[in-house]
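Here the structure is a predicted model, which is why all the values come from computation and not from measurement. Index from 1, following the sequence.
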Amino acid sequence: MSTPGSRAMHNEHEHHDVQDSEDPNDPSLDLMRSLSVSSDMQNSENQCFPCENNPPPPPISTPPPYPTYPTSTGSATPHIDNSPRPNNNITPSNSNSNSNNNPDSDSEARNLSFTRSLVFYGEGSMTSENVNACKMIQEARQFRKKYVGERGMKNLFSNSNKNSRIGFEFGLGSVVELVKITEVDGCEMRSSNLCTVPSIFSFMQDYKRLMEIVRDGGTRSFAWQRLHMLNSAFKTHQIANGHVENEAQSRLLGTDFYRTPKVDNHIHLAAAASAKQFVDFVREKLETEPDTVVLEEGDTLKEVFDKAGLDMDHLTIDAFNVLADYSVYQRFDNFNAKYSPFKLAQMRRIFLKVDNALDGRYFAELTKKVFSRHQKGKGHESNTEMRLSVYGMEPDEWEKCANWVLRDWEGGELPGPVLSEKNRWLVQIPRLWRIFKKKNSKEGKGSSSFHMMLQNIFTPMVEATLYPEKHPKVAELLKHVVGFDSVDDEGNPEAGCGCETPREWTGDQNPAYCWQLYYLWANIKVINNLRKSKGLNTFALRPHAGETGDVMHLAATYMLADSINHGINLDKQVTLQHLYYLDQVGLSISPLSNNFLFRKMKDSPFPKFFNRGLNVTLSTDDPLLFHMSDDPLLEEYSVARASFDLSMTDLCELSRNSVLQSGFEDKLKKEWLGENYMKGVKHCDVQKTHVPYIRAKFRAEHLALEHMLIRLMAAGKKDQILKEMQLQYGIARNAHRSILHENFMLSGSGGQGQHDDGDDGIDPNIFAPG
């Protein structure tokens, strides 16, 4: 892959030009500041090569304090280590450390670098169109900085006194407003909103501008070129260093892929058990609890089966009919029907629902069976982030959910609450406006608005945060929640993007994906500010996006989301794909799920994304429907390895990415990845991650160089870059020529190599200057 010339990067005057032209807080400035220069030949001042850098890991939410397992004590905000780096002596590309220690304390690993086959850039190859594309890419990246992260957050309790307290209300814009309430002479005085976020009008303006940028022809051409060069660079690295990575892994004693921690970042609770586990569980209940009342109408479990004409012989995986097949391809309705065993909705209600005659007891016991497998550690070291559902249909949903999770359940494999040290909860919010509207109309509740759904979702969260003594169970449940997901079929018809307020949205049509996502983001942002001010855990926004439907859903998630689930439609929009690479936005991809629903395995973009260096990992989505074994995550990795020709180093890199994308607390991430993981993938402990240092360094360097190339191009330095690239190419060409002359083209016997009799067809002038 091509590399910008070092003099252009490290010239002090030019560096200040770049800094003055952009936001000084831009992380790519930190990338350039953290670079150091080494000299290949100390006698030549021109022979400078850029060395490695520490790209920031994907955004991670502030880890929660857990009452029953390790709490987080460190900041979860990624930062860039700007301390001086040791000079990198240029060594052969197959160099690697023989030590099992962390590379940060290993001098040999710290000196590891690469000799690259430079790409020749001809005069005029960097065009004004490329410069304009880089400017627009930088503009697009500013939108993400505006919305994602902790920008604008402040301590809401810094000026509090005994006569004041924090209150809240849902503003006219349907976003939570936090106010300071002060008692003065017996009267309550309310301050203005303490925590403001960009309005829907501002967001829509930015979103439409982002769509213009990613659709621009010049920007798409530039992104396509850069992505293909990244792909080629990785292929070259695999060919040159694949055996080196294998040897490095074999020297890491006491660990392997199976013992490397990994997280199933995307798994829906209702489908977390495998089909075999589910069938066995139902059989067990029919044998041991036939007379248990399971329906509100008073029917027992045996009566339900008798009325359906079912008996023990029907308790097979085939008869259950839950495994996905050809009927669900491009059919989300058929896919949802698979959640109901025997195609009977009441079976789903009995076994896979929280709100039923059993108060969700069967569902709790089945979930604990899944927990049990992870806690026993059979097969490999795995963890989960399962989804609880809050629909926004009723205001008491959070209370019901908290009662189910925290109840001291008796019996089963794991008595007690539905909690596990191997699991962290996400809350999924289905986009079901049309159902909400129809439900309220049927129940005669009068006019409905989207504002009412938002109130049902977020009011209990704010009340539990402000007044935990009044809502102790919801307050406790929120400590175990690490993020929010937005789910449903992205292919459903939706309205166009507009700036209507949720109070005004009363029609039957589904609101636009980007519009709904904004209101989730805005309210979560305010609640995060409140919880951070109180020293509580905060929440990431990790929605489903790019599974199907409009590819521009991925533009909205680029602006608003910490990471996403699926994202396979990124292969249809190269500019967005390049932006996701530059900002390392996490993609939790489920190839087996995609294979049955929207994208066959042979057409999966997963290997393309991985090769190019996007922050991707593997997840299961719905094991009940898509997996055959009792270890769905291991099955996902095994199928991916066989289908995409992945090496063991590749699998370990995917495992590491899953931990980085997860919401597990910082203390555990340090235990799983190494103390310095926040500095970047190059600083993860190879003994813990099982990812050879040569792979981590390759990824880090290419991301750093991509950032620098774009920043310098956007600052109008294309001529300097081209000049330096040509200089470096000339140095490499001259080195090849010198080696050739010294070893193979010397007349007589004075050379170190054999005498060249001219029969090999090498033109002695092929490397001549000019």
Undergrad: Can you list the steps and then say if Phe363 with Lys353 is a side-chain contact (heavy atoms from CB on, under 4.5 Å)?
TA: CA-CA 6 Å; Phe363 196 18; Lys353 289 292 184 180; 5.6 Å; no
Undergrad: Between Gln577 (side chain) and Leu570 (backbone), is there a donor-acceptor pair under 3.5 Å?
TA: yes
Undergrad: Could you please spell out the steps behind the side-chain contact (heavy atoms from CB on, under 4.5 Å) verdict for Thr367 and Asn423?
TA: CA-CA 11 Å; Thr367 301; Asn423 179 69; over 6 Å; no
Undergrad: Is the count of non-hydrogen atoms from other residues, nucleotides or ligands lying under 6.0 Å from Gln205 atom CD greater than 12?
TA: no
Undergrad: Compare every heavy atom of Asn523 with every heavy atom of Ser174, then report the nearest pair and how far apart it is.
TA: O-ND2, 3.3 Å
Undergrad: Which one of Trp515, Phe436, Tyr519 satisfies the ring-ring contact (aromatic ring centres under 6.0 Å, His included) criterion with Phe450?
TA: Trp515
Undergrad: Show, in sequence, the C-alpha distance, side-chain angles and deciding distance for Glu296 and Arg349, and conclude whether the salt bridge (charged side-chain N to carboxylate O under 4.0 Å, His left out) test is met.
TA: CA-CA 11 Å; Glu296 288 83 352; Arg349 189 165 133 215; 2.5 Å; yes
Undergrad: Look only at the side chain of Lys208 and the backbone of Phe203, and say whether a donor-acceptor pair between them is shorter than 3.5 Å.
TA: no
Undergrad: Side-chain contact, heavy-atom cut-off 4.5 Å: Phe596 with Leu625?
TA: no
Undergrad: Can you confirm whether or not the ring centre of His266 sits under 6.0 Å from the ring centre of His544?
TA: yes
Undergrad: Can a donor-acceptor pair be found, under 3.5 Å and without considering hydrogens, that links the side chain of Ser590 to the backbone of Ser619?
TA: yes
Undergrad: Any side-chain heavy-atom pair from Leu477 and Leu388 closer than 4.5 angstrom?
TA: yes
Undergrad: Begin from the C-alpha positions of Trp672 and Phe664 and carry the test side-chain contact (heavy atoms from CB on, under 4.5 Å) through to its verdict.
TA: CA-CA 10 Å; Trp672 294 341; Phe664 278 80; 3.6 Å; yes
Undergrad: Assess the side chains of Tyr391 and Asn456: does a donor N or O sit below 3.5 Å from an acceptor N or O?
TA: no
Undergrad: Assess whether a salt bridge exists between Glu476 and Lys479, defined as any Lys/Arg side-chain N lying under 4.0 Å from an Asp/Glu carboxylate O.
TA: yes
Undergrad: Please determine if Arg431 and Asp489 form a salt bridge, counting it only when a charged side-chain N lies under 4.0 Å from a carboxylate O.
TA: no
Undergrad: Is it the case that Lys146 and Ser202 place a side-chain donor and acceptor less than 3.5 Å from each other?
TA: yes
Undergrad: Just checking, is any N or O donor in the side chain of His374 or Ser382 under 3.5 Å from an acceptor N or O on the other one?
TA: yes
Undergrad: If you measure from the Lys or Arg side-chain nitrogens to the Asp or Glu carboxylate oxygens, is any gap between Arg599 and Asp571 under 4.0 Å?
TA: yes
Undergrad: Let me know which of Ser447, Ser449, Ser448 forms a side chain to side chain donor-acceptor pair (under 3.5 Å) with Asn440.
TA: Ser448
Undergrad: Can we say Glu636 and Lys262 salt-bridge, meaning some charged N sits less than 4.0 Å from an Asp/Glu carboxylate O?
TA: no
Undergrad: Is the closest side-chain heavy-atom distance between Pro543 and Tyr513 below 4.5 Å?
TA: yes
Undergrad: Going by atom types only, do Thr617 and Asn657 share a side-chain donor-acceptor pair under 3.5 Å?
TA: no
Undergrad: Hey, does Met559 have a side-chain heavy atom less than 4.5 Å from the side chain of Cys514?
TA: no
Undergrad: Tell me, do Trp433 and Met453 make a side-chain contact under 4.5 Å, heavy atoms counted?
TA: yes
Undergrad: Compare every heavy atom of Pro261 with every heavy atom of Val659, then report the nearest pair and how far apart it is.
TA: CG2-O, 3.7 Å
Undergrad: Quick one: does Tyr558's side chain get under 4.5 Å of Leu210's, heavy atoms only?
TA: yes
Undergrad: Does a side-chain N-to-carboxylate-O contact under 4.0 Å join Lys669 and Glu665?
TA: no
Undergrad: Check for a donor-acceptor pair, side chain of Glu397 on one end and backbone N or O of Met393 on the other, with a separation under 3.5 Å.
TA: yes
Undergrad: Closer than 3.5 angstrom, by distance alone: can the side chain of Asn615 be matched with the main-chain N or O of Val585 as a donor-acceptor pair?
TA: no
Undergrad: Any chance you could measure Trp404, atom CH2, to Asn356, atom CG, to the nearest 0.5 Å?
TA: 10.5 Å
Undergrad: Got a sec: does the NZ of Lys438 have more than 12 other heavy atoms crowding it under 6.0 Å?
TA: no
Undergrad: Would you say the side chains of Lys473 and Asn403 form a donor-acceptor pair under 3.5 Å?
TA: yes
Undergrad: Do side-chain atoms of Thr384 reach the backbone of Met386 as a donor and acceptor pair under 3.5 angstrom?
TA: no
Undergrad: What pair of heavy atoms forms the shortest contact from Leu478 to Asn537, and how long is it?
TA: O-ND2, 2.9 Å
Undergrad: Testing the 3.5 Å rule here: is there a donor-acceptor pair between the side chains of Glu635 and His627?
TA: no
Undergrad: Would you mind telling me which of Arg542, Arg387, Gln428 makes a side chain to side chain donor-acceptor pair (under 3.5 Å) with Asp485?
TA: Arg387
Undergrad: For the residue pair Val197 and Trp521, establish whether any side-chain heavy-atom pair is separated by less than 4.5 Å.
TA: yes
Undergrad: Would Asp264 and Thr620 count as having a side-chain donor-acceptor pair, cut-off 3.5 Å?
TA: yes
Undergrad: Indicate whether any N or O donor in one side chain lies under 3.5 Å from an N or O acceptor in the other, for Thr465 and Arg531.
TA: yes
Undergrad: Do Ile524 and Phe458 make a side-chain contact, defined as non-hydrogen atoms from C-beta onward lying under 4.5 Å apart?
TA: yes
